[in-house]
Amino acid sequence: YNRYVDPTAVRQPQGDSNRQVMPPPPPPPPTALPAPVLQNNQSNNTDSSTNKLEESGGAKHIDPKLIEMITSEIMELNLTTTWTDIAGLTDAKRSITEIVVWPMQRPDIFTGLRRPPKGLLLFGPPGTGKTLIGKCIASQSKATFFCVSSSSLTSKWHGESEKLVRALFAVARSRQPAVIFIDEVDSLLQERSENEDESTRRIKTEFLVQIDGASTQGEERLLLIGATNRPQELDSAARRRFVKRIYIPLPDLSARQAIISNLLKDQKHTLVDSDMEHICTLADGFSGADMHSLCHDAALGPIRDIHDIELLSSEEVRGISVEDFLKSLKAIRPSVSESDLKQYEDWNKTYGSM
Ligand code: ADP
C-alpha cells in the first residue's frame, strides 16, 4: 500500500503552532525508522498534500540534509509582523490584503472567479519594505514563511540548488498555508544570456516547473512571492507567472515621518513634530532603509560629543537633537537615483497591476 512520510516530521522546531494537522499516517512497517524522505511509491491516498506532491513530481527522494537545511535556515514560523510595522504604502497594503491575504484566510470563499493568483511580484527600489511585506503576508495569513535569496541559491547551494528548489516546494506543500519568498528573483529568472551556465539554466527550469505545479493545484494554499529591484531583467516567462505585479515605491513624506517617529519613540530626544517634518522634507528620496540609517547615525550624535565614555553614566547622555539629524543628513545620502526611479515607474506603467 502507499504510505507518506512527512518530510519535516523529524525535526520539529519549538512553538510550531502553524503546523498543518495531517491525517494520522498509517503505522510504519516494523523495521522502518521514520526517515525524512518522501517516497514516490509510498503514498497514503487519504493524504491530499502527498498526492499533490506526487503530482508535481516533488515527491521523489528528498535528501534529509536538504529538508533539515530548509526547516532550520529558510523556514520561519510564528512571525508577528503587522501592517502597522510597515509605514506608508496604503494602496499596496490594501490590494495585497484583498488579493492574497483574505484568500489564504478564507479559501472557501475565494474559489472560482475569486481564486487568488499563485504568484505575486513585489518590485521597486531596494530597502522599501518588500521583505517586510512578505513577512506580514505570512504572519497575517498564519502561513509558514520560507525566505530564500536567489544569490544564495545559485552560489551557496551551487550544484545542490536544483534539488533544493524541489525540496523547498515539497516542504512548503507539506506545511500549508505557506508563503515562499524569493528575494532578488531577477537573478534567478532573468533573460537568458550568453554566459548563462548549465546549472543556472537547470535551476531556472526547475523553478518554472515548480511554479507551474503550484498554479495548477487550485486548492493548494501556497503563495510564491518574488521580490526584485530589477524587474526589467525578468524574462517574459517569469513575468507571466507572477500574475500580480505590485510596485513598492519609496516612502512619501508622511511615511518617512512615520518611520522616524516610530524609531524615536523609545529614545531620549528633543525633536518636536515640526522638526521631524523638516528633517523628512530634507530626506526626500530616502528609502525606508535609508531612513533607518539616518536615525542610527543621528542617534550616535550625542555619543560623539563625549570625551571619556568609560566615566559617563547612561542618564547623562543627552537626547538626540534636530542638529544631530542635520549633521547626519550630510553623511547619509539616498541610495536610489532619479534615473532608477524613472525605470521603476516606466515598468510599472507597462507591467504593473495597480
Ligand atoms: P526590501 O526587501 O524592499 O529591500 P526590506 O523590507 O528588507 O527592504 O527593508 C529593509 C529595512 O528597511 C527594514 O527592515 C525596515 O527596517 C526598513 N523599512 C523599509 N521600508 C519600510 C517601511 N515602509 N516601513 C518601515 N520600515 C521600513
Side-chain angles (χ1 to χ4, degrees), residues 74 76 79-97 100-101 119-140 145-153 179-189 223-234 242 244-267 276 279-280 283-300 325 328 332-337 340-341 343-345 347-348 352 354:
I74 295 182
E76 290 179 49
L79 289 168
T80 53
T81 315
T82 65
W83 290 119
T84 48
D85 297 327
I86 305 168
L89 302 173
T90 317
D91 293 341
K93 291 195 259 189
R94 190 180 306 119
S95 310
I96 291 169
T97 304
V100 293
V101 177
L120 170 70
L121 184 75
L122 303 176
F123 66 94
T128 47
K130 296 182 286 301
T131 311
L132 275 180
I133 292 175
K135 289 187 172 175
C136 187
I137 293 173
S139 135
Q140 299 304 304
F145 189 62
F146 296 84
C147 183
V148 58
S149 83
S150 299
S151 55
S152 78
L153 262 183
V179 171
I180 299 181
F181 183 90
I182 314 284
D183 204 4
E184 311 160 43
V185 71
D186 51 279
S187 62
L188 193 67
L189 301 178
L223 172 70
L224 183 79
I225 305 178
T228 177
N229 311 326
R230 293 175 301 182
Q232 60 287 350
E233 292 190 10
L234 287 173
F242 292 105
K244 289 287 173 191
R245 300 178 279 255
I246 295 190
Y247 182 32
I248 306 300
L250 289 178
D252 59 14
L253 177 65
S254 74
R256 296 196 296 276
Q257 280 177 259
I259 294 175
I260 201 174
S261 84
N262 186 39
L263 289 175
L264 285 179
K265 75 175 186 300
D266 300 322
Q267 302 287 326
M276 289 196 203
I279 290 158
C280 292
D284 186 31
F286 277 46
S287 67
D290 294 337
M291 289 306 292
H292 273 245
S293 306
L294 177 70
C295 293
H296 281 297
D297 195 77
L300 288 173
F325 271 95
S328 298
I332 312 282
R333 302 306 308 147
S335 53
V336 187
S337 72
D340 287 348
L341 282 181
Q343 283 197 20
Y344 294 123
E345 276 149 26
W347 201 86
N348 188 33
M354 271 176 29

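No hydrogens, no waters, no symmetry mates; every other heavy atom, side chains included, goes into these values. We count ligands from 1, going down the list as the structure has it; atoms in each ligand are counted the same way.
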Residue set satisfying side chain to side chain donor-acceptor pair (under 3.5 Å) with Thr90, at least two apart, ordered chain then number -> none
With Asn348 via side chain to side chain donor-acceptor pair (under 3.5 Å) - residues at least two apart
none
Tabulate below the donor-acceptor pairs under 3.5 Å that side-chain atoms of residues 259-266 make, not counting sequence neighbours, or state none.
residue, atom, partner, partner atom, Å
Asn262, OD1, Lys265, NZ, 2.8

Any chance you could lay out the side chain to side chain donor-acceptor pair (under 3.5 Å) test for Ser293 and Asp290, step after step, and finish with the verdict?
CA-CA 5 Å; Ser293 306; Asp290 294 337; 5.2 Å; no
At a heavy-atom distance under 4.0 Å, which protein residues reach ligand 1? Sort them by chain and number, would you?
Asp85, Ile86, Ala87, Pro126, Gly127, Thr128, Gly129, Lys130, Thr131, Leu132, Ile259, Gly288, Ala289, His292
Verify whether the ring centers belonging to Tyr247 and Phe123 lie closer than 6.0 Å.
yes
Distance-minimising heavy-atom pair for Leu89 and Thr128:
CD1-O, 3.8 Å
